[in-house]
Every structure is written in structure tokens, then in C-alpha cells.
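For reference, the structure is listed below as C-alpha cells.
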Amino acid sequence: MTRVRFAPSPTGFFHIGSARTALFNWLYARHSGGSFILRIEDTDAARNTEQALTVLIDGMRWLGLDWDEGPESGGEYGPYFQSERRAIHDAYIDRLREVDRIYEKDGALWFRLEGERHTVYDDFRKKEVEKVRSAPIVIEDAVRGRVEKELDEDFVIVRASGDPVFHFVNVVDDITMGITHVIRGEDHLSNTPKHAALFDALGAPRPVFAHIPLILKSDGPGKMSKRDRGALIEEYQRRHFLPAAVRNYLCLLGWSPKDDREKMAPEELIERFDLDGINRGNARFDEQKLVHLNGAYLRELPLETYAWMARPVLHDAGIVDDETPEDDVQSVLEICRGKVNLLEDLPGYADYFFRDDYAFDSAAEKRVFKKGDPLADLERVYRTLEKLDDFSAESLERTFAGLAESAGVKPFAYFPVTRFAVSGRAGGPDFYAMLRVLGKERTLGRIRRVLKERKGS
RNA sequence: GUCCCGUUCGUCUAGCCAGGCCUAGGACACAGGGUUUUCAUCCCUGCAACAGGGGUUCGAAUCCCCUACGGGACGCCA
């Protein structure tokens with residue numbers, strides 16, 4: 001039975017790299033029919049708060065990563081908060097003591113390596129250190145293959161304060177929770193020999209290690225840090241990204257299904273995910289591709305779902321409020337669906353349906369008034385629509401066709417200036433649908449206003 | 001500084017482990033064109049990469065070595 005875990009430290013942020021680690025673990029568990037365990041490594045009291053935990057759990061839920069064991073789920077290997085596992089850690093300290101691999105120095109407990117000792121001056125750390133000549137530790141990493149590293153220094157496993165350190169508790173918890181596969185970021189690769197040595201010293205079988213590449217910032221050097229745009233899951237939640245899109249994009253960063261498939265449903269992802277599809281090289285974060293995927297997911301949402309998600313976005317942006325008739329919102333959403341890649345762009349895309357003080361885009365204005373006599377066209381449109389009572393799309397289409405024919409032009413000739421007048425921009429939803437939703441009164445009012453302002457100046 | 005890992009289009013990647021099927025495939029972005037009488041979608045075309053050098057081989061993106069570059073780790077943080 002495969003048992004994998006995601007073991008975050010609640011810091012108050014849910015980093016995209018952590019999220020991807022969680023996702024890979026989750027996928028692997030689901031793929032292999034094993035268990036996915038959430039273990040909270042909350043031993044650093046200084047930065048651990050209840051709110052930090054909430055951020056993490058909300059983020060996990062939002063991404064759809066459910067855990068079989070952990071906080072709020074329970075399980076037979078608890079507690080799932082590292083801070084509550086102290087008795088277990090102590091017992092394992094005793095075990096190490098029994099096999100004589102522990103000694104005390106400066107009030108702390110050190111793990112003793114086996115091998116010849118000598119002292120050298122470390123000029124990076126500017127001090128004398130005791131080195132140990134020991135056999136290299138060999139890790140068979142599921143992603144990177146054979147990794148060999150020599151451990152040459154004893155290390156602290158219990159601080160002078162009495163608190164055990166990460167390397168130790170992490171290993172003990174993995175042993176006692178029966179973890180079979182440790183899938184984590186490559187930044188832990190250098191630590192792994194220490195962990196392997198502890199597994200060995202404790203007489204426990206090592207788990208399979210799989211170190212996944214890091215996510216690098218979109219520009220500039222280094223890995224994504226919490227201050228970078230797009231680094232936090234909270235940001236995607238706040239910006240109304242679709243979790244399915246974020247999840248899908250994250251899969252593609254550092255893992256490949258080996259063929260040309262990119263947009264994949266969870267079932268397919270689970271079906272196809274495997275450790276040997278994980279890449280070795282670090283991946284650079286690219287928001288554009290995420291946005292594209294988000295748009296693709298948005299476009300295939302049923303209208304009901306789309307409206308259900310989009311409505312609060314318009315609300316939050318202050319575009320609509322409780323006074324706004326539901327039917328109006330619904331009609332606008334119907335014709336705007338699939339037009340933007342991000343729900344957060346919707347308010348800016350559709351605001352003019354709900355207010356008359358919409359902005360006029362100067363680039364659009366230039367284009368519209370570049371040639372011909374757009375004002376004359378607009379006037380003709382006005383006089384024609386004035387006499388039209390049926391503002392259905394079909395009726396509007398017939399009307400514009402008639403208007404165009406009598407002038408010997410294509411109906412399209414009237415679109416840009418009309419659209420500009422009623423919306424202030426060059427793009428938007430389907431032309432006739434837009435006029436239909438705006439309705440006769442508002443359409444005429446807006447055209448009249450533009451006509452008046454333009455003629456006056 | 002030491003150690004570990006990596007390096008295919010601007011970006012994510014396929015191909016590498018099992019060398020010839022690679023005049024290196026796909027996607028995002030970008031540029032052109034088409035469909036849509038408009039917007040978006042969609043479709044087509046284009047642009048664009050095996051880090052460099054040595055070696056092994058009849059043959060190397062694929063195997064080996066070196067260099068360069070990138071990333072990470074070196075905490076009584078996790």
C-alpha cells in the first residue's frame with residue numbers, strides 16, 4: 001500500500017511550489033490507489049498560527065486536494081500535527097541512544113556518523129570543524145537516478161532548548177506514519193543523505209525518494225519566492241482563477257504525460273501521472289499559459305456554472321449590487337461568457353452594461369474616426385433604430401441589413417462607430433446581442449450623447 | 001568557498017534510459033492569413049532550440065569526459 005504525505009509548515013502562505021508538491025503527492029496516491037496524508041509540521045512556534053493553518057487548508061480544498069489522513073480527517077497514524085508527536089520523537093531519541101548514535105555537546109544532542117575523525121578549518125564558516133570520513137550515502141532517487149553524497153559532519157538532532165530539529169522529526173514521522181514514497185522539492189535533495197542515514201541508524205527501511213524540480217520566477221534569477229507575482233495560491237483564489245486550470249497548469253510544470261496532451265481532466269491526470277514523467281530540470285513559471293488554460297476551462301463551463309461564478313466577481317468589483325435586477329446580470333453574463341480568459345477581467349469587459357459613465361478608449365476612438373464620416377453613419381443608425389421597436393437580435397440584424405443595403409455598404413460598416421458610441425471601446429460581445437441587452441432606450445441615449453458631444457466640438 | 005542537481009524554440013515540454021524512424025514534434029506567446037457581415041472562439045501558415053568543446057561509433061539531441069552557464073544545499077529554520 002502506497003502512503004505518501006504532504007508535510008507543510010504553516011507559514012501563513014501557501015506557496016505555489018508547495019502546492020505543486022502537494023498535487024504531485026496527491027496524484028501519486030490517487031494513481032496508485034494509496035493514501036494521501038497531510039501532516040502539519042508546526043514545530044516552529046514562532047511563525048505557526050491558527051490562521052496560517054487555515055490558509056493552507058483552504059488552499060488545499062480549493063485545489064481539490066483531499067487527504068485521507070490528517071487534520072479534520074483523522075486516521076490511525078496520528079497525531080497529524082507534528083507538535084503533538086513529541087512522545088514519539090522522544091522514543092526514537094532513545095532508540096538512537098540504544099544503538100549508541102547520539103552524544104551531547106553544547107547542550108544539544110548530536111547524531112554521530114561512523115568513521116574516522118579529523119579536524120579541519122572551514123573557511124566558509126570561519127571555524128574549526130570536526131570532519132568524519134564515512135562511506136558515501138547512495139540514494140536511488142525515483143526522478144534523478146543514483147545520487148551519491150558523502151556525509152562528513154555530525155549534525156544536531158535535538159537543540160539545546162530540547163526541541164528536536166526538522167531532519168530528525170521528519171524522518172521519525174515518516175517512519176511511524178508508514179510513508180512509502182517521499183515526493184518533495186529538489187531543495188531537499190542535499191538533505192536526503194542525512195535522512196537516509198537516520199532511517200538506516202533507526203533500522204527502518206528507507207522510503208522511495210522522488211525529488212521534483214523547482215519552480216523558477218518568470219524573470220530574473222532564482223526560485224519563485226513568496227513576493228513574486230503568482231507565487232501564492234491565495235492570489236489565484238482572490239483573482240477568481242478556476243482551480244481546475246491552476247491544478248492543470250501546475251501538473252504541466254515539471255511533469256509531462258509524454259504526448260501532446262495538455263488540458264486534462266482530473267481523472268485523466270490521475271490515470272496518467274507517474275513518477276517517471278517528472279522532469280529533472282527546473283521550470284520557469286509562465287502566467288500567460290496559465291491564463292490561456294483558465295480561458296479554455298472558462299469557455300467550456302455550462303452557463304449556469306459560469307453565471308454562478310461570475311456574479312460574485314461583478315459584485316466584488318462594485319459593477320453590480322443587490323439592487324441590480326438578476327435578469328439583467330444574467331443576460332450580460334450570457335453574452336459575455338467565453339470572451340475573457342480571466343473572471344477578474346469581466347468587470348472591465350462588461351461594466352458599460354451597468355453604468356453610463358463608462359470610459360472611452362482613446363485607441364479605439366482613433367481607429368473609429370480615422371476615415372470616412374463615422375458621425376454621419378452614426379446618425380443614420382440613430383434615425384433607423386429610433387423607428388425600431390423590436391430590439392431582438394434577429395430584428396436588429398434585419399434592420400442593419402436593410403440600412404446597409406440602402407447605402408450600398410456592408411452592415412459591418414456601421415459596427416465600429418456604433419459599438420464605440422454605446423460601449424466606449426472597440427471590442428465586446430456579439431454586436432446585435434450587445435444592442436439587444438442594452439435595449440432601445442440606452443442604445444439611443446448613448447448614441448445621442450456621442451452625437452451631441454462630437455458635433456459640438 | 002565546498003558539495004549536490006540540472007542544461008532541447010522567448011517559456012512549458014516530446015524525443016534521451018533501450019544511438020539511426022529527428023530536414024527535432026506539440027503547446028503558450030508573437031507575426032501573417034482564413035471562418036465569423038462585428039467581438040471572442042475556431043482553423044491554417046510562419047517565426048524559433050539540441051549550451052560549447054572533445055571523445056566513442058558506420059552513425060549522437062540521445063553514450064562518456066571537460067568547460068561554461070543555471071539552480072539548490074551547506075542553521076541548535078522547516
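Chain letters run A, B, ... following the sequence lines, proteins first, then strands; residues in each count from 1. Every heavy atom of this structure was used, including side-chain atoms; hydrogens, water molecules and symmetry mates were not.
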Sugar-phosphate, base or nothing in reach of A:Glu262, heavy atoms under 4.0 Å: base

side-chain hydrogen bond (donor to acceptor under 3.5 Å, both in side chains) pairs, two or more places apart, involving residues 249-258 of chain A: none

Residues within residues 151-160 of chain A bordering RNA chain B, heavy-atom distance below 4.0 Å: A:Val156, A:Arg159, A:Ala160

A:Arg380 and A:Tyr414 side chains, donor-acceptor separation under 3.5 Å: yes

B:U11 phosphate, OP1 or OP2, under 4.0 Å from A:Lys289 side-chain N/O: no

B:U8 and B:U37, which share atom name C1', separated by this distance in whole Å: 45 Å

Over 12 non-hydrogen atoms of neighbours within 6.0 angstrom of CZ in A:Arg280: no

Those residues of residues 432-439 of chain A lying under 4.0 Å from RNA chain B by at least one heavy atom: A:Tyr432

Pair A:Asp173, A:His89: side-chain N/O donor-acceptor within cut-off below 3.5 Å: yes

Between protein and nucleotides 5-8 of chain B, what N or O pairs are separated by less than 3.5 Å?
from : atom 1 : to       : atom 2 : distance (Å)
B:C5 : O2'    : A:Arg144 : NE     : 2.9
B:C5 : O2'    : A:Arg144 : NH2    : 2.8
B:C5 : O2'    : A:Glu186 : OE2    : 2.9

Counterpart residues, side chain to side chain donor-acceptor pair (under 3.5 Å), relative to A:Asn25 (two or more places apart): none

Candidate nucleotides B:G26, B:G15, B:U41, ranked by approach to the side chain of A:Arg299 - the nearest: B:U41

A:Arg229 and A:Ser218 side chains, donor-acceptor separation under 3.5 Å: no

A:Arg247 vs A:Leu27 side-chain heavy atoms within contact, under 4.5 Å: no

Side-chain N,O (A:Asn279) to OP1/OP2 (B:A14) below 4.0 Å: yes

Contacts of type salt bridge (charged side-chain N to carboxylate O under 4.0 Å, His left out), residue A:Arg436, not counting sequence neighbours: none

